[in-house]
Amino acid sequence: MKETEQNSWFSKEIIAWYKKNKRDLPWRNQTNPYFIWLSEIILQQTQVAQGLSYYYKFITHYPTIFDLAKAKEDAVLKDWQGLGYYSRARNLHASAKYVVNELGGVFPQSFEEIKKLKGVGDYTAAAIASFAYNLPHAVVDGNVYRVLSRVFGIETPIDSTLGKKVFQELATTLLNPKLAAQHNQAIMEFGSQQCKVVHPGCQNCVLQNKCFAFTNNKIDLFPTKEKKAKITQRFFTYIIFVDEEKNTVIYKRDKNDIWQGLYEFFLIEDKHLPTFDELLNNKVVKQNFKRNTSIIKHVVLKKHILSHQHLYAQFFIVKVEKLNSKTGLVVKLSQLSNYAWPRLIDKFFDVCSLQNIC
DNA sequence: AAAACGTGGCG
DNA sequence: TCGCCAAGTTT
């Protein structure tokens, strides 16, 4: 009984706050599961401001799940270019095909069935189930971790197995099952707009008196984490071979590595960035051009930062009589913009217009 | 089950 | 410049 009372004050407060303060976002105020799914995938580890234009692009290019299922994976990746975590795009596309081909185009309607979609985990399944069908599944995302850890003073690390369990259980207890959609939207919006990571609005917060972190002056101590990412350094030397016809060779990344599914140029990875002379002694390079090959241009990019890697990259543009295209794809320089590139290479395009210099 | 997967913004 | 973080999932 006591627990029920506690649940209801929490849910009531945040829903009331939500009604007054919610942002008008395009995936809200509608219950099309396809649109909701799309928005949730885009917003994984991604802020609204960064994902918004991609959402508009996708609902325009792929107005229905059938359109997405019909598309080529390369086209989907091209549309995803720049947003990062590209497995999201590949899984989104694969799942669209699965829904259309295996489920007759009917979007799954239970938490368990929704979670069978690739790229949909506990959070996303709960979000879709509640937003589209008002099913009573509590969402736990970064916002929820922050709000709950602060309000209830929970020190369990949010990146631990125990933490995930503890917060999921608390979130489920707090959920008002009859207002699942509104409650879930409310707690996340409250986390992102009021109970912010830095400079939270504690002064005018409706939960001020009941918030453990605020009343104990420990706002900055919640939530807690135990792990920190390990960073590896990598050195990429790209060689852009260009023939007389202004063709070059590109390669699709398919290994179990970063940027899977995106394209790149001929890559030499080493423990450092070699000079061009050092490069000429490289066995792989020797097969591809002669000693008298001249550099058209050499570009060194500044450090490119990924979540677990620091990339140092340089590009050599060289003219060759004949392209070695055994494992790659020969394309016109003018067609490069049709392919999906990692941000790193897109930055190279920003500083170097290949068409103009070759 | 720990580690990897992108990118951009902010202090 | 650097570290942290963002509507997480996968292996």
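In what follows, chains carry the letters A, B, and so on, assigned in the order in which the sequence lines appear, proteins first and then strands, with residues in each chain numbered from 1. Note that the structure is a prediction, hence the values are computed from the model and not measured. Below, each value reflects all heavy atoms present in this structure, side chains not excepted, and no hydrogens, waters or symmetry copies.
At a threshold of 4.0 angstrom between heavy atoms, the contacts of I41(A) with the nucleic acid are absent. Using a 4.0 Å heavy-atom criterion, one finds that T124(A) contacts the sugar-phosphate atoms exclusively. Within the nucleic acid shown, I305(A) comes within 4.0 Å of at least one base atom, counting heavy atoms only. Among the atoms of the strands shown, only primed sugar atoms or phosphate atoms (P, OP1, OP2) are found under 4.0 Å from some heavy atom of G82(A). In this structure, K228(A) reaches neither bases nor backbone, as no heavy-atom distance under 4.0 Å exists between it and the strands shown. V144(A) comes within contact range of no nucleotide atom at all, as no heavy-atom separation falls under 4.0 Å. As judged by a 4.0 angstrom heavy-atom cut-off over every strand, R146(A) is placed among residues touching the sugar-phosphate backbone only. Counting non-hydrogen atoms under 4.0 angstrom, L306(A) reaches a base of the nucleic acid. Counting non-hydrogen atoms under 4.0 angstrom, W80(A) reaches nothing in the nucleic acid. Note on Q260(A): nothing from the nucleic acid sits closer than 4.0 angstrom, heavy atoms only. Nucleic acid contact for R23(A): base, since at least one base atom lies under 4.0 Å from a heavy atom of the residue. Using a 4.0 Å heavy-atom distance criterion, N256(A) is classed as making no nucleic acid contact. Residue K303(A) is classed as a sugar-phosphate contact, given heavy-atom separations below 4.0 Å to backbone atoms only.
Summary of the strand contacts: T161(A) and S87(A) both lie near DNA chain B, and taking for each the nucleotide with the nearest heavy atom, the more 5' one is attributed to T161(A). Nearer the 5' end of DNA chain C, as judged by each residue's closest nucleotide, is the contact made by V48(A), out of V48(A) and L117(A). Between N91(A) and T46(A), the one whose closest nucleotide on DNA chain C sits nearer the 5' end is T46(A). DNA chain B is contacted by both Y86(A) and H199(A); Y86(A) maps to the nucleotide lying nearer its 5′ end (nearest heavy atom per residue).
Rounding to whole angstrom units, CG of residue L43(A) and P of dG8(B) are separated by 16 Å. Look at CD1 on I158(A): it is 15 Å from C1' on dT9(C), rounded to the nearest Å. With rounding to whole Å, Q47(A) atom CD is found 13 Å from dG6(B) atom C1'. Y85(A) places its OH atom 14 Å from the P atom of dT10(C), with the value rounded to the nearest Å. Nucleotide dT9(C) holds its P atom 13 Å from the CD1 atom of I114(A), rounded to whole Å. As rounded to whole Å, 13 Å separates atom P of dG8(C) from atom CD1 of I128(A). Rounded to whole Å, the distance from CD1 on I231(A) to P on dC4(C) is 9 Å. One atom, CZ of R253(A), and another, C1' of dC5(B), lie 12 Å apart when rounded to the nearest Å.
For dT7(B), one of the phosphate oxygens OP1 or OP2 lies less than 4.0 angstrom from a side-chain nitrogen or oxygen of W259(A). Within the 4.0 Å cut-off from OP1 or OP2 of dC5(B), at least one side-chain nitrogen or oxygen of Q309(A) is found. Proximity of Q45(A) to the phosphate of dG8(C): a side-chain N or O atom is located under 4.0 Å from OP1 or OP2.
Across the P atoms, dA3(B) and dC4(C) are found 16 Å apart, a figure rounded to whole Å. Annotation: dA7(C) and dA2(B) have their P atoms spaced 23 Å apart (nearest Å).
For I258(A), counting side-chain heavy atoms from C-beta on, the closest listed nucleotide (dG6(B), dT7(B), dA7(C)) is dG6(B). For Q44(A), whose side chain is taken as the heavy atoms from C-beta onward, the closest listed nucleotide among dT9(C), dA7(C), dT7(B) is dT9(C).
Open room surrounds NZ on K228(A); 12 or fewer heavy atoms of other groups in view lie less than 6.0 Å from it. The environment of K97(A) atom NZ is sparse: at most 12 non-hydrogen atoms of other residues, nucleotides or ligands sit within 6.0 angstrom.
Side-chain contact between F316(A) and I240(A) is absent, with no heavy-atom pair separated by less than 4.5 Å.
For R90(A) (side chain) and Q260(A) (main-chain N/O), a donor-acceptor pair under 3.5 Å exists by modelled atom type.
Between S192(A) and N143(A), the side chains place no donor N or O within less than 3.5 Å of an acceptor N or O (distance only, hydrogens not considered). Donor-acceptor pairing under 3.5 Å is lacking for the side chains of Q44(A) and R88(A).
In this structure, the ring of W27(A) has its center no less than 6.0 angstrom from the ring center of F35(A).
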